[in-house]
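The structure appears below as structure tokens.
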Amino acid sequence: MTSEHPDHIQRRNPLRMAVWGAAGFLLLLPLVAMQFTTEVNWGIMDFVVFGIMLLTVCGAYELGTRLSGNRRYRLAVGIALLGVFLLTWMNLAVGIIGIENNPVNLLFFAIPMTGLTGALIARFKARGMAYALVATAAAQALIAVIALIVGWGNVLILTGFFMFLWLTSAYLFRQAAR
């Protein structure tokens, strides 16, 4: 009988199969939709980019949830990654300001980069992750204010939605740190 150190015990995650199954479903959804409507017209590169996005988010979820057995920490990881995925998907698909080719939309990639930078600085510890997600929410708000001042459009509702995700995740990380 071997004795394993507690850090080496693989943490069980009952949502693991659901997350990967949902990713597979989302990847197949446009393919199925294309059979019934001409409104959905994806090329091979659309599927490749979407697949890479799904693999990246699901892989990050796997890694993030292995860092802690705490349910709040895991939920915070899931919510933050959902926000990153939705923000990136929207920005690539249709653009947040104007059309997807509007160079101003590149600003929105700074939002998840803010969170990632904060997470790396915090070494993925729950308390530091809470601060990183607050900084992410602040970056989201700053870009919305800039958009309003410069006259790029009103993104307040969208900003409110994403700030809710970032701040909910921050709250859960804060709770996990206690």
Side-chain angles (χ1 to χ4, degrees), residues 13-66 74-119 129 132-133 135-170 172:
N13 183 358
L15 290 178
R16 183 175 186 225
M17 293 305 292
V19 167
W20 286 101
F25 174 77
L26 284 174
L27 189 58
L28 289 175
L29 199 58
L31 182 64
V32 172
M34 286 171 47
Q35 308 309 309
F36 298 102
T37 180
T38 58
E39 296 292 318
V40 179
N41 187 17
W42 281 29
I44 189 72
M45 283 310 296
D46 294 316
F47 283 100
V48 168
V49 169
F50 194 56
I52 290 169
M53 286 176 57
L54 289 168
L55 283 172
T56 302
V57 168
C58 290
Y61 176 76
E62 284 276 337
L63 291 173
T65 58
R66 288 177 188 242
R74 289 178 169 192
L75 184 57
V77 167
I79 290 170
L81 288 171
L82 174 67
V84 169
F85 178 80
L86 290 174
L87 184 66
T88 304
W89 187 18
M90 289 172 61
N91 204 13
L92 289 174
V94 295
I96 294 173
I97 296 177
I99 59 171
E100 69 268 16
N101 295 329
N102 187 340
V104 173
N105 285 316
L106 293 174
L107 285 174
F108 287 92
F109 291 117
I111 297 165
M113 292 309 295
T114 301
L116 178 60
T117 302
M129 291 294 288
L133 270 295
T136 304
Q140 183 90 44
L142 177 62
I143 291 174
V145 168
I146 291 169
L148 284 172
I149 290 171
V150 177
W152 290 330
N154 186 344
V155 293
L156 290 181
I157 293 172
L158 194 62
T159 297
F161 170 73
F162 282 106
M163 286 185 68
F164 173 77
L165 291 178
W166 308 136
L167 294 175
T168 299
S169 182
L172 290 167

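Reckoned from all heavy atoms, side chains included, excluding hydrogens, waters and symmetry mates.
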Check against side-chain contact (heavy atoms from CB on, under 4.5 Å), Phe108 and Leu92: CA-CA 10 Å; Phe108 287 92; Leu92 289 174; over 6 Å; no
Over 12 non-hydrogen atoms of neighbours within 6.0 angstrom of CZ in Phe164: no
CD1 (Ile44) with more than 12 external heavy atoms under 6.0 Å: no
Rounded distance (nearest 0.5 Å) linking atom [atom1] of [X] with atom [atom2] of [Y]:
X	Y	atom1	atom2	answer
Asn91	Ile96	CG	CD1	4.0 Å
Asn105	Trp152	CG	CH2	9.5 Å
Phe50	Leu55	CZ	CG	11.0 Å
Thr168	Met163	OG1	CE	11.0 Å
Ile97	Asn154	CD1	CG	10.5 Å
Ile143	Ile111	CD1	CD1	4.0 Å

Heavy-atom check, side chain of [X] versus side chain of [Y], under 4.5 Å:
X	Y	answer
Ile52	Val49	no
Leu15	Arg74	no
Tyr61	Thr56	no

Show the nearest heavy-atom pair for residues [X] and [Y], with the distance to one decimal.
X	Y	result
Met34	Val40	CG-O, 3.1 Å
Gln140	Leu87	OE1-CD2, 4.2 Å
Leu133	Trp166	CB-O, 3.4 Å
Leu81	Ala60	CD1-C, 3.7 Å
Gly115	Thr136	CA-OG1, 3.0 Å
Leu167	Ala137	CD2-CB, 3.7 Å

Phe85 vs Leu54, side-chain contact (heavy atoms from CB on, under 4.5 Å): CA-CA, chis, key distance, verdict: CA-CA 8 Å; Phe85 178 80; Leu54 289 168; 3.7 Å; yes
Criterion side-chain contact (heavy atoms from CB on, under 4.5 Å) on Leu82 and Ile79, from CA distance to verdict: CA-CA 5 Å; Leu82 174 67; Ile79 290 170; 5.5 Å; no
Side-chain donor or acceptor of Asn41 paired with backbone N/O of Thr38 under 3.5 Å: no
